[in-house]
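Only one structure is covered here, and it is reproduced in the block below.
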Amino acid sequence: MKILTSPSLFAADLLNVEKEVKRTEEAGADTIHFDVMDGVYVPNISIGFELLKAVRKVTDLPIDAHMMTVCPERYIHTLAEAGADIITVHNDIASTEAILEMIEEIHNHGLMAAIALKPKVEAEAILPFIDHIDMVLVMTVEPGFSGQSFMDMSEKIRAIKGYIGDRSISIQVDGGINADTAAICAAAGANVFVVGSAAYRSADMKATLDGVKASAEKAYNF
Ligand code: DX5
Ligand code: ZN
């Protein structure tokens, strides 16, 4: 699988979003990670649909909406209209059956679907969805805040990589990612790297993303 970077806009300077999006493009990002939090599923409230629409107007980069909300199914149509390209929902937000329906609805809107697993969720939780998804998100922090310390999920990533086998499904990691932690995750099988504070707090975002990519490429042997 291709190694990709996905800066998490929630960690950007939100007073200057347009500039930050341009900086993200110029840094060579592959996609934009857009964290939606509702204060219920996670103890924080972040950014929403109107901002997503505004961001869509100023970039052609694919936008991945990471839904940390209850009832994400309510928002699939809105997200598609707002310009999302990928919708990521957490596995523990509804029954397996209901999540399979969400994945189908996401695909019916012509978007890619990903399933996210919090740190405490076991790798096997992905099995009911594996034939239906485009990406798995392995959280490397408890969802809710940017700037937290990385949690090593190598064992889980390795197990999921094994379940995926030769299917064309990416493994994304999110939380505390920088060049060092990206290498740890890539060695286990991750290929998409969400980078929040390490990217936006960097004076040279291109150097930071290039560094993440280079160290991940070096460590990824699949
Ligand atoms: C955490 C979010 C992340 C976060 C990443 O709940 O899902 O996307 O913004 O930020 P860093 O890279 O700073 O951990
Ligand atoms: Zn996220």
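Both ligands and their constituent atoms are indexed starting at 1 by order of listing.
- Tested against Gln172, the residues Thr88, Asp64, Asn191 include a single side-chain hydrogen bond (donor to acceptor under 3.5 Å, both in side chains) partner, Asp64.
- At the shortest separation from atom 5 (C) of ligand 1 among protein heavy atoms lies Asp174 OD1, 3.4 Å.
- When each atom of ligand 1 is checked for a heavy atom of Met68 under 4.0 Å away, the hits are 6 (O), 7 (O).
- With a 4.5 Å cut-off on side-chain heavy atoms, Ile87 and Val89 count as touching.
- Close approach of ligand 1 to Pro143 is summarised as follows: ligand atoms under 4.0 Å from at least one heavy atom of the residue are 6 (O).
- Counting the atoms of ligand 1 from 1 in the order shown, those under 4.0 Å from a heavy atom of Met37 are 6 (O).
- Near His33, meaning under 4.0 Å from any of its heavy atoms, are these atoms of ligand 1: 8 (O).
- Nearest to atom 9 (O) of ligand 1 by heavy-atom distance, out of Ala199, Ser146, Ser149, is Ser146.
- Ligand 1 places these atoms under 4.0 Å from at least one heavy atom of Gly175: 14 (O).
- Between the side chain of Ser46 and the backbone N or O of Asp35, at least one donor-acceptor pair lies under 3.5 Å.
- The nearest heavy-atom contact from the protein to atom 1 (C) of ligand 1 is Phe145 O, 3.5 Å.
- Every residue was checked against the ring-ring contact (aromatic ring centres under 6.0 Å, His included) condition with His107, not counting sequence neighbours, and none meets it.
- For atom 6 (O) of ligand 1, the closest non-hydrogen atom of the protein is Gly144 N, 2.6 Å.
- Ser202 places no side-chain N or O within donor-acceptor distance of the main-chain N or O of Thr208, the cut-off being under 3.5 Å.
- Note on the Zn ion (ligand 2): protein N, O or S atoms under 2.8 Å away count 4, no waters included.
- Among all non-hydrogen protein atoms, the one lying nearest atom 12 (O) of ligand 1 is Gly196 N, 2.8 Å.
- No donor-acceptor pair under 3.5 Å is formed between the side chain of Lys19 and the backbone N or O of Asp13.
- A donor-acceptor pair is defined here as one N or O able to donate and one able to accept, closer than 3.5 Å; no such pair exists between the side chain of Asp174 and the backbone of Val194.
- The protein non-hydrogen atom at the shortest distance from atom 13 (O) of ligand 1 is Ser197 OG, 2.3 Å.
- Ligand 1 places these atoms under 4.0 Å from at least one heavy atom of Gly147: 11 (P), 13 (O), 14 (O).
- Summarising the local packing, CD of Glu217 is surrounded by more than 12 heavy atoms from other residues, nucleotides or ligands at distances under 6.0 Å.
- Those atoms of ligand 1 that come under 4.0 Å of a heavy atom in His66, given as number and element, are 7 (O).
- Between the Thr181 side chain and the Asn178 main chain, a donor and an acceptor come within less than 3.5 Å of each other.
- Checked by atom type and distance alone, the side chain of Lys156 pairs as donor or acceptor with a backbone atom of Val121 at under 3.5 Å.
- Residues Leu52 and Ile63 have side chains in contact (heavy-atom distance under 4.5 Å, counting atoms from C-beta outward).
- Using bins of under 30°, 30° to 60° and over 60° for the plane-to-plane angle, the ring pair His66/His90 lands in the parallel bin.
- Thr140 contributes a side-chain N or O that, together with a main-chain N or O of Gly175, makes up a donor-acceptor pair within less than 3.5 Å.
- Not close to ligand 1: Ala198, with no non-hydrogen atom less than 4.0 angstrom away.
- Of all the atoms in ligand 1, the ones that sit under 4.0 Å from a non-hydrogen atom of Gly176 are 11 (P), 12 (O), 14 (O).
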